[in-house]
Amino acid sequence: MRVIKASAYRQFQPFADGPYRCRGRAEEGMDSTIVRLETDSGAVGWGEMAPLGAFYSEAFAAGARAGVGELLPKLMGTDPRQLLVVNDFMDRAMFGQPYVKAPIDMACWDLAGQAAGLPLAEFSGGRFGSAAWLYRSISQDTPERMVQTAQKYLRDGYRRLQVKVGDDPLEDVARMKAVRAAVPADVLLVADANGAWRVDAALRFALAMGDADYFLEQPCMSLADNARVRATVRQAMILDESITTMDDLLAAHQAQILNGVTIKLSRVGGMTKARLLRDVAVALGLRVTIEDTGGSDLDTAATTHLMMATPEDSRFHTVDFMNWVTVSNGDGMPAVAGGQIRAPEAPGLGIKVHEAALGAPFFETG
Ligand code: 0XW
Ligand code: MG
């Protein structure tokens with residue numbers, strides 16, 4: 001099987017619940033890059049990558065579009081089923097830029113799963129259980145409005161909430177305490193600072209929160225700063241933004257900072273690299289969240305498959321981005337129920353893409 005044609009599309013995906021605010025910035029939606037690979041066997045594979053604006057990570061949408069335009073012509077003639085070979089080739093052809101490679105790698109996984117006749121959960125090692133927990137993120141706002149959002153998500157069936165902090169620590173305490181007081185004790189809460197605090201702010205927040213029941217996610221950006229926070233905070237700590245490579249994961253584990261890790265496909269370079277990090281995190285006894293920066297059905301299918309292929313004891317939770325935005329890019333994701341998500345049963349990603357709705361590609365080769 002050889003790739004003979006590649007196209008890339010742009011899809012704007014407005015947030016269903018209004019602008020999403022974290023690290024003091026707001027975005028109206030996701031500017032998604034969608035890759036389509038066609039092979040000499042007639043099989044078609046799809047991949048997606050959608051950054052959160054340009055401020056959240058190194059990824060930015062115009063960079064993704066330029067990057068896939070640079071890489072896709074070089075991939076003509078390669079066998080998409082040989083995932084490690086494809087990744088090695090991409091890493092030699094382009095230094096870094098993991099978010100550019102993520103949607104291409106995803107489209108190769110889609111083709112490899114289809115060729116094997118297996119959904120990606122099974123193809124990547126096996127489906128553990130039938131569903132994975134989801135969290136919903138509560139965008140930074142006044143405590144009152146954040147409580148309203150929390151209550152809406154509980155009415156929708158979600159049982160895990162991520163409260164965006166990383167702002168003035170005492171205002172963040174008011175946000176967390178308001179949400180904690182408004183939801184049942186068994187609703188799992190995460191305070192996610194997205195690395196925005198300095199150590200003093202993280203410590204003020206943690207001290208004022210006392211023994212409240214919550215997980216702390218990425219209080220500061222650097223390993224050294226998070227280690228200083230860890231020394232004082234008793235709550236379990238998850239790292240997200242600062243874990244990009246295997247070195248990052250091992251160093252954080254060695255520093256005894258970590259209870260869990262959030263693996264975003266576009267930050268680490270796609271499903272192939274995410275799977276390796278996931279397997280090592282599981283072996284280290286950590287809790288794992290598989291997610292991404294954004295997207296719709298295609299991206300959600302990919303993260304759900306990898307989450308389902310993670311042993312249940314090691315899972316933290318994942319996201320249903322397809323329900324965060326008002327546009328879909330394909331059919332096949334089972335409906336979310338009871339705050340849990342299931343992966344498609346059809347081979348590959350299992351998503352039938354709404355090709356016509358994507359409009360004309362911004363790039364084509366082959
Ligand atoms: C909640 N997210 C997955 C959505 C945005 O991409 C940021 C990210 C996070 O971890 O904050
Ligand atoms: Mg996070």
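Note that ligands are numbered from 1 as they come in the structure, with each ligand's atoms numbered from 1 the same way.
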Considering heavy atoms of the protein only, find what lies nearest to [atom] and give residue, atom and distance to 0.1 Å.
atom                    : value
atom 1 (C) of ligand 1  : Tyr20 OH, 3.1 Å
atom 5 (C) of ligand 1  : Leu52 CD2, 3.5 Å
atom 6 (O) of ligand 1  : Thr293 O, 2.6 Å
atom 3 (C) of ligand 1  : Tyr135 OH, 3.3 Å
atom 11 (O) of ligand 1 : Lys164 NZ, 2.4 Å
atom 10 (O) of ligand 1 : Lys264 NZ, 2.7 Å

(message) Can you tell me which residue among Glu241, Gln218, Arg23, Gln140 is in a side-chain hydrogen bond (donor to acceptor under 3.5 Å, both in side chains) with Asn194?
(response)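 When side-chain hydrogen bond (donor to acceptor under 3.5 Å, both in side chains) is applied between Asn194 and each of Glu241, Gln218, Arg23, Gln140, only Glu241 qualifies.
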
(message) Measuring from non-hydrogen atoms of Gln162 to any atom of ligand 1, is the shortest distance under 4.0 Å?
(response)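 Within the 4.0 Å threshold, so yes.
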
(request) Could you establish whether Thr262 and ligand 1 come within less than 4.0 Å of each other, counting only heavy atoms on the residue side? (result)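 Judged by the 4.0 Å heavy-atom criterion, Thr262 does not count as contacting ligand 1.
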
So, the side chain of [X] versus the backbone of [Y]: is there a donor-acceptor pair under 3.5 Å, distance only?
X      : Y      : value
Ser314 : Thr310 : no
Asn329 : Leu298 : yes
Asp31  : Phe12  : no
Ser139 : Arg21  : yes

Taking the N/O/S atoms of [X] one by one, which is nearest to the Mg ion (ligand 2)?
X      : answer
Asp240 : OD2
Glu217 : OE2
Asp192 : OD2

Give the atoms of ligand 1, by number and element, whose distance to some non-hydrogen atom of [X] is under 4.0 Å.
X      : answer
Glu291 : 3 (C), 10 (O)
Asp240 : 10 (O)
Phe321 : 3 (C)
Asp292 : 3 (C)
Tyr56  : 7 (C), 8 (C), 9 (C), 10 (O)
Asn194 : 9 (C), 10 (O), 11 (O)
Asp192 : 9 (C), 10 (O), 11 (O)

Any idea how [X] and [Y] line up, ring-wise: parallel (<30°), tilted (30 to 60°), or perpendicular (>60°)?
X      : Y      : answer
Tyr214 : Phe205 : perpendicular
Tyr158 : Tyr153 : perpendicular
Trp324 : Tyr135 : perpendicular

(request) Answer yes or no: is there an ion pair linking Arg198 with Asp200, defined by an N-O contact shorter than 4.0 Å? (result)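 Salt bridge flag = no for Asp200 with Arg198.
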
(request) Only one of Ile257, Val261, Asp248 passes side-chain contact (heavy atoms from CB on, under 4.5 Å) with Leu239; say which it is. (result)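 Of the listed residues Ile257, Val261, Asp248, the side-chain contact (heavy atoms from CB on, under 4.5 Å) partner of Leu239 is Ile257.
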
(request) Tell me which part of Val319 gets within contact of ligand 1: side chain, backbone, both or neither, using heavy atoms under 4.0 Å. (result)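 Answer for Val319: neither.
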
(request) Using the ring of Phe215 (Phe, Tyr or Trp, six-membered ring only), decide whether Arg160 places NZ or CZ under 6.0 Å from its centre and within 45 degrees of its axis. (result)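 No, Arg160 and Phe215 do not form such a contact.
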
(request) Please report the shortest heavy-atom distance between Pro80 and Cys108, naming the atom on each side. (result)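 It is O-CB, 3.4 Å.
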
